[in-house]
Amino acid sequence: MRTSPGAAYDLGYHVVWCPKYRRPVLGGRVKDRLEELIRAKADEHGWEIVALEVMSDHVHLFVRSHPKNSPSYVANQFKGFTSHYLRAEFPHLRSQLPTLWSRSYFVATVGAVSAETVQRYIETQDERPSKGGGRA
């Protein structure tokens, strides 16, 4: 449990997001740099990373934050920051994808989500609008 003036809290989020069309672009040096950037952003905000797993086509992050930070704020801070730097440092990410990350993300409070729910989210991320109603 953490404390701040006027609050005691133990708030953790499970955040998952994928590259656009779930392309497997998060390997090698990109993976290493992505992990560095995520940790830097967490340090900047005083968030604690409990677990971080970068797969070739998605990111799993367990992060603890202050209650003043909404889940959407936390997810978008990581996605925006990492996209900006990775696309600047790795030109192939600009040429292969219109944007690095899909617009969506999955977030749940830690411990309140099943592995099946997360897997279902990840599997829908490779659907393009032309495939019939999938997310872009």
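Positions are given from 1 along the sequence.
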Chemist: Could you tell me the separation between the CD1 atom of I38 and the CG atom of L52, rounded to the nearest 0.5 Å?
Modeler: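 So the CD1 of I38 and the CG of L52 are separated by 5.0 Å.
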
Chemist: Is there a side-chain contact between L26 and M55 in this structure, where contact means two heavy atoms from C-beta onward sitting under 4.5 Å apart?
Modeler: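 No, too far: nothing below the 4.5 Å cut-off.
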
Chemist: Hey, mind stepping through V30 and H92 against side-chain contact (heavy atoms from CB on, under 4.5 Å) and telling me if it holds?
Modeler: CA-CA 10 Å; V30 174; H92 71 277; 3.9 Å; yes

Chemist: Do V15 and F106 come close enough that some side-chain heavy atom pair is under 4.5 Å?
Modeler: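 Counting from C-beta outward, V15 and F106 never come under 4.5 Å.
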
Chemist: For residues 69-79, which residue pairs pass the salt bridge (charged side-chain N to carboxylate O under 4.0 Å, His left out) check, not counting sequence neighbours?
Modeler: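 Output for this query is empty, none listed.
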
Chemist: Taking all atoms of both residues into account, what is the closest heavy-atom pair of W17 and S104, and its distance?
Modeler: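 For W17 and S104, the tightest heavy-atom pair comes out as CB-O, 4.3 Å.
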
Chemist: Given H60 and H58, is the side-chain contact (heavy atoms from CB on, under 4.5 Å) satisfied, shown in steps?
Modeler: CA-CA 7 Å; H60 280 274; H58 64 278; 3.3 Å; yes

Chemist: Between atom NZ of K31 and atom OG of S56, what is the distance when rounded to the nearest 0.5 Å?
Modeler: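 One finds 9.0 Å between NZ of K31 and OG of S56.
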
Chemist: Kindly say whether the aromatic ring centers of F78 and W101 come within a distance under 6.0 Å.
Modeler: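 Centroid separation for F78 and W101: 6.0 Å or greater.
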
Chemist: Do the ring planes of F62 and H14 sit parallel (below 30°), tilted (30 to 60°) or perpendicular (above 60°)?
Modeler: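 Because their plane-to-plane angle is under 30°, the rings of F62 and H14 count as parallel.
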
Chemist: Tell me if the CZ atom of F90 is crowded by more than 12 foreign heavy atoms within 6.0 Å.
Modeler: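 More than 12 heavy atoms, drawn from other residues, nucleotides or ligands, come within 6.0 Å of this atom.
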
Chemist: Mind checking whether Y73 and V107 sit in one hydrophobic cluster, side chains of I, L, V, M, F, W, Y counted as touching below 4.5 Å?
Modeler: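 They do share one cluster, since a chain of ILVMFWY contacts under 4.5 Å joins Y73 to V107.
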
Chemist: Got a second to check how far L34's CG is from R29's CZ, nearest 0.5 Å?
Modeler: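 Reported value, rounded in 0.5 Å steps: 14.0 Å.
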
Chemist: Using 0.5 Å steps for rounding, measure from the CD atom of Q96 to the NZ atom of K20.
Modeler: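 If I round to the nearest 0.5 Å, the distance is 15.0 Å.
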
Chemist: Is there a donor-acceptor pair closer than 3.5 Å between any side-chain N or O of R22 and the backbone N or O of D57?
Modeler: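 Judged by distance alone, no pair lies under 3.5 Å.
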
Chemist: Show your working on side-chain contact (heavy atoms from CB on, under 4.5 Å) between L86 and R33 and close with a plain yes or no.
Modeler: CA-CA 8 Å; L86 289 175; R33 183 65 174 137; 3.8 Å; yes

Chemist: Determine the minimum heavy-atom distance between S65 and Y13, stating which atoms define it.
Modeler: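 The pair with the smallest heavy-atom distance is OG-CE1, 3.3 Å.
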
Chemist: Could you tell me whether E36 and R39 have a side-chain N and a carboxylate O separated by less than 4.0 Å?
Modeler: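 No.
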
Chemist: So, N76 side chain and S72 main chain: donor-acceptor pair closer than 3.5 Å or not?
Modeler: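 Yes, the answer is positive, given that a donor and an acceptor are paired below the 3.5 Å cut-off.
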
Chemist: Using a 3.5 Å distance criterion without hydrogens, assess whether the side chain of R87 forms a donor-acceptor pair with backbone atoms of L97.
Modeler: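 Between the backbone of L97 and the side chain of R87 there is a qualifying donor-acceptor contact (under 3.5 Å).
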
Chemist: How long is the straight-line distance from CD1 of I49 back to CG of D43, given to the nearest 0.5 Å?
Modeler: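 Atom-to-atom, D43:CG and I49:CD1 are 7.0 Å apart.
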
Chemist: Check whether any side-chain heavy atom of V16 sits under 4.5 Å from a side-chain heavy atom of Y105, and report yes or no.
Modeler: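 In short, these two side chains do not touch, never coming nearer than 4.5 Å.
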
Chemist: Can you tell me if H66 uses its side chain to pair, donor with acceptor, with the backbone of K68 under 3.5 Å?
Modeler: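 Checking the backbone N and O of K68 against the side chain of H66, a donor-acceptor pair under 3.5 Å is found.
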
